[in-house]
Trainee: 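Pasting in a structure now, in structure tokens, and then I'll have a few things to ask.
For ligands, and for the atoms within them, numbers begin at 1 and follow the listed sequence.
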Amino acid sequence: MSIQIPRGTQDILPGTSEVWQYIENKARELCRRYQYKEIRTPIFEHTELFLRGVGDTTDIVQKEMYSFKDRGDRDLTLRPEGTASAVRSYVEHKMFGWANQPVKLYYVGPMFRYERPQAGRFRQFVQFGIEALGSADPAIDAEVLSLAMNLYKELGLKKLKLVLNSLGDKESRTAHRNALVAHFEPRIDEFCSDCNNRLHKNPLRILDCKKDHDHELMKTAPSILDYLNEESVAYFEKVKQHLDDLGIEYILDPTLVRGLDYYNHTAFEIMSDAEGFGAITTLCGGGRYNGLAEEIGGSDAPGTPGIGFALSIERLIAALEAEKVELPIEQGIDCYLVSLGDAARDYTVKLAYQLRNAGFAVEKDYLDRKAKAQFKSADRLGARYVAVLGDDELENDNINLKNMATGEQVEMALESFVEEFKKQQS
Ligand code: HAM
């Protein structure tokens with residue numbers, strides 16, 4: 001049997017890769033306007049980074065990591081997300097000392113999670129993400145959110161829902177955590193073994209449990225909003241005020257718990273509301289992670305605030321398909337060279353080379369096909385012009401250029417063809 005692609009991965013073929021490029025270019029362009037700079041980190045990291053960064057009670061760390069030992073007996077993991085790596089790099093390169101603060105980074109690249117593959121859920125997927133490190137200004141929260149929303153909007157998506165919550169600062173989280181333990185502990189034996197393990201380590205994770213989702217205690221669990229201290233409330237109010245000023249609508253959801261441990265204060269997800277969009281509707285997730293740099297880098301980066309988001313291109317494309325958005329992807333080529341006869345065919349090798357050097361997208365025949373088949377190829381490729389060169393024309397130093405939109409044909413001197421073609425285009 002022939003070898004097939006691993007489960008949960010996909011080949012992006014020509015025809016579709018143009019859609020990916022269009023989206024990635026749009027993301028990069030937005031980052032330029034918002035002044036986020038690209039960072040490229042390794043695809044594998046020391047496993048310890050994700051244990052400390054993402055959190056050892058999360059599903060990602062416990063069940064979904066592609067971890068392995070290399071030949072030097074090191075514990076390595078294919079990155080399941082980009083934030084831990086960006087923050088590791090921030091600390092390692094002492095970016096907190098850079099002249100421009102806050103440090104604003106973006107990345108585009110593959111992430112790996114051993115999840116059950118289904119629509120919108122892959123084992124290898126590509127995240128576009130941004131991270132702003134070094135500022136605790138609520139205005140940055142609004143900036144990060146607005147960049148994510150603008151990417152979707154500028155691509156033509158309309159059916160979006162921004163869901164917002166605050167997880168508060170350390171003090172608020174501790175108070176909420178104690179309340180959660182008190183709430184679940186008396187009946188914890190009715191919950192799955194994962195939840196039992198989570199109770200004292202990280203009770204917030206219980207709210208995110210896929211198995212016990214419908215247990216009655218879930219609905220009556222203490223809400224974080226009742227445990228936010230004054231400072232956390234004030235911070236959240238300011239974030240909301242900025243969003244209101246920018247005209248960005250949101251829905252407050254005190255039950256929004258993100259699947260990673262590093263969050264505090266602002267947490268959010270952007271969902272698709274489009275009809276026919278699959279069961280998994282979250283397009284983008286993110287939030288604030290003040291203190292993660294310290295967790296990863298120790299005393300080098302005490303108290304560094306940070307915020308960011310990540311979204312997968314796979315789910316973005318699924319949303320575009322659900323909303324039937326056609327991206328304005330440029331197709332077609334500038335010129336197809338049709339040749340009739342051996343000498344003419346040889347000549348088109350040189351002509352194609354010259355036209356391509358002049359910046360044009362050009363194709364010619366390589367299968368020794370008849371003129372009719374060559375014209376068909378030109379049509380299929382969306383050629384704006386077709387240049388026809390026969391052995392007779394070659395002898396007379398002539399070439400025939402046909403404008404495919406108007407049907408107009410002109411004869412030109414072969415010698416000056418490239419120059420003439422350039423003039424026609426300008
Ligand atoms: P996350 O919620 O785990 O957050 O993932 C962010 C986004 O990645 C999701 O909303 C979804 O679009 C996409 N995604 C996750 N898993 C899959 C999958 N198996 N298949 C396809 N797409 C997937 C993070 O990764 C955080 N690092 C986000 C962040 C950045 N927070 C702060 N900065």
Trainee: Heavy-atom distance to atom 14 (N) of ligand 1: which of Phe268, Phe125, Phe112, Tyr107 wins?
Mentor: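 The nearest heavy atom belongs to Phe125.
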
Trainee: For atom 2 (O) of ligand 1, what is the nearest protein heavy atom, given as residue, atom name and distance?
Mentor: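 Here the nearest protein heavy atom works out to Arg258 NH2, 2.8 Å.
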
Trainee: Quick one: list whatever passes side chain to side chain donor-acceptor pair (under 3.5 Å) with Gln331, sequence neighbours left out.
Mentor: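 Scan of Gln331 (side chain to side chain donor-acceptor pair (under 3.5 Å), adjacent residues dropped) gives none.
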
Trainee: What residue and heavy atom of the protein are closest to atom 5 (O) of ligand 1, and at what distance?
Mentor: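 For atom 5 (O) of ligand 1, the nearest protein heavy atom is Gln127 NE2, 3.4 Å.
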
Trainee: Find all atoms of ligand 1 within a distance of less than 4.0 Å from any non-hydrogen atom belonging to Gly285, and give their numbers and elements.
Mentor: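 Going through ligand 1 atom by atom, the ones under 4.0 Å from Gly285 are 10 (O), 28 (C), 29 (C).
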
Trainee: Examine ligand 1 and decide if any of its atoms is less than 4.0 Å from a heavy atom belonging to Glu115.
Mentor: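 So Glu115 counts as touching ligand 1.
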
Trainee: Assign the ring pair Phe421 / Tyr385 to parallel, tilted or perpendicular, where the plane angle (0 to 90°) is split at 30° and 60°.
Mentor: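 The arrangement is perpendicular - the two ring planes meet at more than 60°.
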
Trainee: Which residues pass the side-chain contact (heavy atoms from CB on, under 4.5 Å) test with Val349, sequence neighbours left out?
Mentor: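 Counting only residues at least two positions away or on another chain, Val349 forms a side-chain contact (heavy atoms from CB on, under 4.5 Å) with Lys364.
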
Trainee: Tell me, please: is Cys284 in heavy-atom contact with ligand 1, that is, under 4.0 Å?
Mentor: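 Contact present.
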
Trainee: Hey, which atoms in ligand 1 end up nearer than 4.0 Å to a heavy atom of Tyr289?
Mentor: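 Counting from 1, the qualifying ligand atoms are 32 (C), 33 (N).
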
Trainee: Could a heavy atom of Gly259 be found less than 4.0 Å from some atom of ligand 1?
Mentor: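 So Gly259 does not count as touching ligand 1.
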
Trainee: Can you sort out which atoms of ligand 1 are near Phe309, meaning under 4.0 Å from one of its heavy atoms?
Mentor: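 Ligand 1 atoms under the 4.0 Å threshold to Phe309: 29 (C), 30 (C), 32 (C), 33 (N).
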
Trainee: Using a 4.0 Å cut-off to any heavy atom of Tyr263, which atoms of ligand 1 qualify?
Mentor: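 So the answer, numbered in order with elements, is 26 (C), 28 (C), 29 (C), 31 (N), 32 (C).
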
Trainee: Which of the numbered atoms in ligand 1 are below 4.0 angstrom from a heavy atom of Gly308?
Mentor: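 With Gly308 as reference, the close atoms of ligand 1 come out as 30 (C), 31 (N), 32 (C), 33 (N).
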
Trainee: Please list, in number order, the atoms of ligand 1 under 4.0 Å from a heavy atom of Glu131.
Mentor: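 Result: 30 (C), 32 (C), 33 (N).
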
